[in-house]
Amino acid sequence: MNDKKIRVLIAKPGLDGHDRGAKVVARALRDAGMEVIYTGLRQTPHMIAEAALQEDVDVVGISILSGAHMTLVPKVIELLKANGQTDVKVFVGGIVPNADIPLLLESGVNHVYGPGASTEEIIHDIRTSMTV
Amino acid sequence: MDLLVEKAIKGDRLSLSRLLSSIENNSAGSQQALDALFPLAGNAHIIGVTGSPGTGKSSLVNRIALEYRKRRQTVAIIAVDPSSPFSGGAILGDRIRMKELSGDTGVFIRSVASRGSLGGLSISTAQISSVFDAAGYDKILIETVGAGQSEVEIAGLAHTTLVVEAPGMGDDIQAIKAGILEIADILVINKADREGADQTELALRTMLELDHPKPKIFHHALLMDVVPLPDQQPDESLWIPPIVKTIATNGTNVEELTNRIEIHRQYLLNTGFWARRDSERILHELETSIKQQLFQGFISGIEPSDLLDVVQKIQQRTLSPHNATQILINRP
Ligand SMILES: Nc1nc2c(ncn2[C@@H]2O[C@H](COP(=O)(O)OP(=O)(O)OP(=O)(O)O)[C@@H](O)[C@H]2O)c(=O)[nH]1
Ligand SMILES: [Mg+2]
């Protein structure tokens, strides 16, 4: 009998101060039956990758407002790979200029969400990404 | 799975992490993995940290782990939070308070949702703990929120149980939950920087004095008084829970708290209670395992329609539950 649950790490790198959006997503994922590991503010890429490893998550959700996504996100992906977690999906949410989205996707991000994204959409995307 | 076990005990952290998941998920082969790891476990000191929500358990676990790292002990942390009974999901937020531990390969933090367990302590917590034990961690800190059965369960699993209180969360005796003193090996008043810490201490002390401390041991999952061994001085077998005031946010008095934890460990070893606690726990686990396996074997041999038939008879009051059980068990 297998009782697998989808495990999601929600991390907030950088110095920007509020995490309301990340918390809304965390609650929505919980209500969708997922186990959400919430790590709080000011996470470095090393801290995010380490937590993903110890928690054996399926998804890493990175919430960014500070504009530092082009350095932080690829670094997280690089560290996840270096740790052997090549199958972990990476989702990015927050304020990302349109021009950067293709670059992020190319660096290995599965989905990028703007501030207006619905939690239903995120839940749906996580579930579909698990089955492929 | 064999490879995972092999790599996990050699220190490969990703393998260890995946092994923990397969045990939590009850995946195929996880029981065999536990069997293979079993001979390697039994060396770790298991420390339970329980108490009401928000008293500072995670912050304290963070500090205790830092203190043990100074003492060159490796530390595994199991942070248990409740699953939502509605969705089955969970938000596991204890890591927020444990940032200082990141980047240290002598520490492994795992957040665990209580999942199906009603008590609050995950069914697999004991198994996860024994995997860390087999992987060679010296100290295993288990954080659980003190609600329902979980604090009694944690006391049954841990060698040393810390109960964390905080001032202002109800300083009178009635507010301090009944039964808390029975399970506490060490009482911690955290947030000692807050007003009211002295009143909380006074209330706890009064309760302790009323309690006439006696050594306790788990027997059939119940706390029982211990009869001292014949060759023991009576006072040697007596443990009076010390009260330690801490400030987890800046680490005040955590060294003293850690010393107390170590004194308790030494006490258990000196009095022989370490072994007695273990043997009581083993007996309880064995009984549970036998019950489960016998029941599984028995129930899988019964046609569901036969069972339904019996249920109906009981419902119609033509058969009592006791008689029905006898009939089912004694079927040819
Ligand atoms: N003033 C003060 N605040 C503290 C102290 N210890 C913890 N806190 C704060 O209390 C809040 C809760 O701390 P946690 O460590 O998360 O408490 P917890 O018991 O693990 O909480 P749950 O896991 O949610 O039950 C945080 O805001 C901490 O910063 C302390 O010694 N003094
Ligand atoms: Mg906590």
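Numbers restart at 1 for each chain; the letters A, B, ... are given by sequence-line order, proteins then strands.
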Charged N to carboxylate O below 4.0 Å: is that the case for [X] and [Y]?
X: B/Lys7; Y: B/Asp2; answer: no
X: B/Lys291; Y: B/Glu287; answer: no
X: B/Glu67; Y: B/Arg63; answer: no

Among A/Leu29, A/Ile37, A/Asp31, residue most engaged with chain B (heavy-atom pairs, under 4.5 Å):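 Among A/Leu29, A/Ile37, A/Asp31, the one with the most close pairs to chain B is A/Ile37.
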
Part of B/Asp12 lying under 4.5 Å from any heavy atom of chain A: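 Contact with chain A: none, neither part.
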
B/Phe108 versus chain A, the contacting section by heavy-atom distance below 4.5 Å: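 Interface part for B/Phe108: both.
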
Under 4.5 Å from a heavy atom of chain B, the part of A/Arg7 involved: side chain

A/Tyr113 and A/Phe91 aromatic ring geometry - parallel, tilted or perpendicular at 30°/60° bounds: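 If you compare the ring of A/Phe91 with that of A/Tyr113, the planes turn out parallel.
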
Residues B/Arg115 and B/Asn26: side-chain donor-acceptor under 3.5 angstrom: no

Check: A/Asp100/A/His69 side-chain N/O donor and acceptor closer than 3.5 Å: yes

Residue B/Phe38 excluded, over 12 heavy atoms near CZ under 6.0 Å: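 At most 12 heavy atoms, drawn from other residues, nucleotides or ligands, come within 6.0 Å of this atom.
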
Toward chain B: residues of residues 77-86 of chain A with heavy atoms under 4.5 Å: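 Hits under 4.5 Å: A/Asn83, A/Gly84, A/Gln85.
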
Salt bridge (charged side-chain N to carboxylate O under 4.0 Å, His left out) evaluation trace for B/Arg110 with B/Asp94: CA-CA 10 Å; B/Arg110 181 68 170 221; B/Asp94 296 312; over 6 Å; no

Leading residue by heavy atom contact count with chain A [cutoff under 4.5 Å; candidates B/Gly88, B/Ser84, B/Ser22]: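 Ranked by heavy-atom pairs under 4.5 Å with chain A, first place is B/Gly88.
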
Heavy-atom pair count under 4.5 Å with chain A, highest-scoring of B/Arg95, B/Arg18, B/Arg97, B/Arg13: B/Arg95

Nearest-0.5 Å distance, CD of residue B/Gln127 to CG of residue B/Leu20: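 CG of B/Leu20 is found 11.0 Å from CD of B/Gln127.
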
